[in-house]
Amino acid sequence: MLDRIRDLQGSLSRFRQRQRASTTRDPQAKEVERRVADLRRELADLDAEKADLLRRRREIQRELGPSIGRKVMPLARVEKTNGTASFVAGVRMMQRIHRRAENPAHGFDGAGAVFADRGTTERFVLSHDVPLRTTPDEGPTDRTVVVHAFHGQVGLLEVAVGGAARHLDGDLADLGDVREAVPHDGDIPLPASLGEVAAWSARLSDHVSRPYVQVVWRQDGDHLALDRLDVDPDRLPVLTEEQDERLGHLFDTGHARMLKQPYLAGALENRVPGGVFDPNEPVDPADAP
Amino acid sequence: MSATSRSAGADLRGTLRRLERAVARRGRLVARLTAQVAILTEETRSPMERTLGTGPDREQDLGVASYVLAARMHRRHHVHVNAREGLREPILDLAPKLPGRAWAVRNGVRVARELGRWPDPDAVDWDALPDRFVLKSSIGAGGVNVFPLVRRPDGGWTDMLTGEPTTRAEVTQALWSRHGDRSTYFAEEFLVGRGGRPGDVPDDVKVFCFYGRPFYVEVRRGDQSRARDVTPRVRTFTADGTELHHVRALLDPGDGDVGEPSDLATVVEVAGRLSATIRRPLQRLDFFETGDGLVFGEVTLSPGHPPALGTTWDRRMGEAYEDAYGRLLADLAAEGALGVTFGDGPVSA
């Protein structure tokens, strides 16, 4: 062991002598030496950055772990998720898509054009046995009811008077203060016809080729009257995370229901030259190119 | 110059080269860790937070595209929602391997040569099969029902996914363990990757397509769930062949062992042609590049691991998805298959 230590000390001494020689006499070596020193600093900086990143990565993995019932989320598990339903993410995505149409307000399906025209809107509403106004239902003159409907399902109703609103779910149960931009007022009286308005709005939404539509009713004298169907609202409620996810599930359902129209028409079938692909039709392997 | 000086210079230059290599390696690692932290940070945010910015009026924020949110939505729909609502996306017809092969053939794309087909694992005619072949079940994902087999001199077999010796009985038992009503078993020729040795499993080329437009390509090696000791490695490219570094940073990029598509133009052309026949805004098409040309592998409608990409590429791919969905909706509307429907009710107020 002592011999080995003496060998190492000898090597170190010779290395230091060489270093001194190079630093004092050889300009090229000086440049190399300077570069070596720079790289050592760079490596130390990178090591510090690496350590910091590893610590931050570990922290985030710990933060994510409980979502899968573990202390730490393994990196390999991060991608293995179906994600979380979201009202805002879903609705805004479909809006962005339809706004890519030649006429962004109309969308690819023309739904925006249908509901931009009052006469066509009324014809649509009446064709589904929905009246344009309720039976007498007195209320404040500035009262509006916004029904947030998802292809046959109502997720949120907002009865608004003045700058406040009463937020209700599809069963007309109070949700409380769920929308930061519009304060909740639980004392706003509910219209007597609210249940009918919700049911009519749900029925109308079932025939709109979008996962989500706002059906807006306003006070008109002693009635609530249909104001508009809005398939591309500029303003979309930003709700609490819990409510955003609840409505997100309804959006997911609305999306599937929207696709049933082309599905039932056979328009989603896979194509092959000359028609649609029949998975039961035998293919001769000899046909393979 | 003295011998001592020359020796010192050589030592220094050696040190310099080692340090340069170390700095380059560490730089790559730091870049990858940075990308991982960015991706993981996004994962801590809810979809609503990821969609909206921090502007003064978030209720008027139209949000930004995200591939991972879109892909997860489709996966959620596929797994939980569509069946409940009576929607069976026809792309599901292409997911089982045999109909998928038939669809590719009908669209003029080459598939691996079929050597035999049997109704259950016991019926497989091993004696009629060559020394190298791939035995598969028509259903199953992630390679769980795929056995690339090479006969050994002692009469046994090597499972080339795991590199382990195996037997007819073990393979048969493994197939039976996942047998289902819809299972069919078939053997295919053992494909040889371009420039590879017989018996080497060719790399998977996975093309993420958006209604006729391939956008993002991955070359994967070791990506089979049965090979538990093998770490999947991936290299990522855009459809024009530009390699993307640290974009899918949660996966191992390998250490130079994963190849790149040797004929990406053909991969992209064929993938685009096939993708255009599927009425869905997104899907993944898998291929093998072989010495005899491109061979179709399978269709994946909702990958079990939808890629979590760095923010920039997540948005770019999200925009490709939204563009695809728009084109699909336009086609459906033009065919009269999508639009507002009027009822038969009275039209008087």
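With respect to chain B, the highest number of heavy-atom pairs below 4.5 Å among A:G266, A:A181, A:G83 belongs to A:G83. The choice from B:L328, B:I39, B:D331, B:V64 that makes the most heavy-atom pairs within less than 4.5 Å of chain A is B:V64. Most heavy-atom pairs under 4.5 Å with chain A: of the set B:A308, B:P307, B:A22, B:G339, this distinction falls to B:G339. Ranking B:A334, B:A102, B:P99, B:P96 against chain A, the residue ahead of the rest is B:A102, based on heavy-atom pairs under 4.5 Å. Interface summary for chain B: among A:L259, A:D45, A:I60, A:V208, the most heavy-atom pairs under 4.5 angstrom belong to A:I60. For chain A, the option among B:L250, B:L19, B:V68 with the highest count of heavy-atom pairs below 4.5 Å is B:L19. Heavy-atom pairs under 4.5 Å with chain B were tallied for A:L75, A:V238, A:L239, A:V125; the largest tally goes to A:V238. By number of non-hydrogen pairs under 4.5 angstrom with chain B, the leading residue of A:L53, A:D206, A:V88 is A:L53. The choice from A:R35, A:M94, A:Q95, A:H98 that makes the most heavy-atom pairs within less than 4.5 Å of chain B is A:R35.
A distance of 8.5 Å separates CG of B:D93 from CG of A:D278, quoted to the nearest 0.5 Å. Note: A:R96 CZ to B:Y325 OH = 13.0 Å, rounded to the nearest 0.5 Å. Rounding to the nearest 0.5 Å gives a distance of 10.5 Å between CE of B:M48 and CZ of A:F87. In this structure, CD1 in B:I91 is found 12.0 Å from CZ in A:F277, a value given to the nearest 0.5 Å. Atoms CD and OG1, from A:E59 and B:T44 in turn, are 11.5 Å apart once rounded to the nearest 0.5 Å. Considering CD of B:Q60 and CG of A:L236, their distance stands at 10.5 Å, rounded to 0.5 Å.
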Exercise for review: Kindly determine whether A:D109 and B:L329 satisfy side-chain contact (heavy atoms from CB on, under 4.5 Å), including the steps that lead there.
Suggested key: CA-CA 7 Å; A:D109 58 353; B:L329 294 177; over 6 Å; no
Exercise for review: Could you walk me through whether A:D47 and B:R26 pass the side-chain contact (heavy atoms from CB on, under 4.5 Å) test, one step at a time?
Suggested key: CA-CA 7 Å; A:D47 278 339; B:R26 203 76 88 251; 2.4 Å; yes
**Study point:** Test side-chain contact (heavy atoms from CB on, under 4.5 Å) applied to B:L33 and A:L54, step by step
**Key:** CA-CA 7 Å; B:L33 286 169; A:L54 284 170; 3.7 Å; yes
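Nearest heavy-atom pair, A:R100 versus B:D323, reported as atom, atom and distance to 0.1 Å: NH1-CB, 3.6 Å. Taking each heavy atom of A:N270 and B:P90 in turn, the nearest pair found is ND2-O, 2.8 Å. In terms of heavy atoms, A:E42 sits closest to B:V23 at OE2-CG1, 3.3 Å. Nearest heavy atom pair, residue A:A256 against residue B:N82, reads CB-OD1, 3.4 Å. What you find for A:R271 and B:R279 is that their closest heavy atoms are NH2-NH1, 3.0 Å. Scanning all heavy atoms of the two residues, the minimum distance from A:T253 to B:V81 falls at CA-CG1, 3.9 Å.
Taking 4.5 Å as the limit, every side-chain heavy atom of A:L268 sits out of range of all side-chain heavy atoms of B:R280. A:Q61 is not listed as a side-chain neighbour of B:Q36, based on a closest heavy-atom distance of 4.5 Å or more. A 4.5 Å side-chain heavy-atom check between B:L69 and A:M93 finds every atom pair outside the cut-off.
For a residue to count as touching a neighbouring chain, one of its non-hydrogen atoms must lie under 4.5 Å from one of that chain's; by this rule A:A85 touches chain B with backbone and side chain alike. If you measure heavy-atom distances from A:A101 to chain B, you find no contacts under 4.5 Å at all. Interface remark: A:P131 contributes no atoms to any contact with chain B (heavy atom separation under 4.5 Å). Residue A:S205 does not touch chain B at all, counting heavy-atom pairs closer than 4.5 Å. The contact between B:R84 and chain A is made entirely by side chain atoms (from C-beta outward), counting heavy-atom distances below 4.5 Å. With a 4.5 angstrom heavy-atom cutoff, A:T81 touches chain B via backbone and side-chain atoms both. Looking at A:E269, the atoms closer than 4.5 Å to chain B (heavy atoms on both sides) sit in the backbone and in the side chain alike. Looking at A:M258, both its backbone and its side chain come within 4.5 Å of chain B, counting heavy atoms on both sides. Only the side chain of B:H74 has a heavy atom closer than 4.5 Å to any heavy atom of chain A. Contact annotation for B:L332: only side-chain heavy atoms (C-beta onward) come within less than 4.5 Å of a heavy atom of chain A. Contact of B:L29 with chain A is made through the side chain alone, with heavy-atom distances under 4.5 Å. Interface remark: A:V272 contributes backbone and side-chain atoms alike to the contact with chain B (heavy atom separation under 4.5 Å). Both the backbone and the side chain of A:A89 come within contact range of chain B, judged by heavy atoms closer than 4.5 Å. The contact between B:L52 and chain A is made entirely by side chain atoms (from C-beta outward), counting heavy-atom distances below 4.5 Å. With a threshold of 4.5 angstrom between heavy atoms, B:T277 approaches chain A through its backbone and through its side chain. For A:R179, the part lying near chain B is the side chain, with the backbone staying farther off; criterion is any non-hydrogen pair under 4.5 Å. Of the two parts of B:D344, only the backbone, made up of N, CA, C and O, holds a non-hydrogen atom closer than 4.5 Å to a non-hydrogen atom of chain A. Of the atoms belonging to B:E85, heavy atoms from both backbone and side chain fall under 4.5 Å from chain A.
Ring-plane geometry between A:H255 and B:H77 is classed as tilted, the angle between the planes lying from 30 to 60 degrees on a 0 to 90 degree scale.
The 12-atom threshold is not exceeded at CZ of B:R182, counting heavy atoms of other residues, nucleotides or ligands nearer than 6.0 Å. Atom CD of A:E281 sits in a crowded spot, with more than 12 heavy atoms from other residues, nucleotides or ligands closer than 6.0 Å. Residue B:R273 qualifies as enclosed at atom CZ: its count of foreign heavy atoms under 6.0 Å is above 12.
In this structure, A:E79 pairs ionically with B:R248, as a charged nitrogen and a carboxylate oxygen lie closer than 4.0 Å.
Residue pairs that meet the salt bridge (Lys or Arg N to Asp or Glu O under 4.0 Å) test with at least one member in residues 234-256 of chain A, sequence neighbours left out, are A:R99-A:D234, A:R235-B:D57, A:R235-B:E59, A:D252-B:R76.
A donor-acceptor pair shorter than 3.5 Å cannot be found between the side chains of A:R56 and B:T41.
Here A:F108 pairs with nothing under the ring-ring contact (aromatic ring centres under 6.0 Å, His included) rule; sequence neighbours left out.
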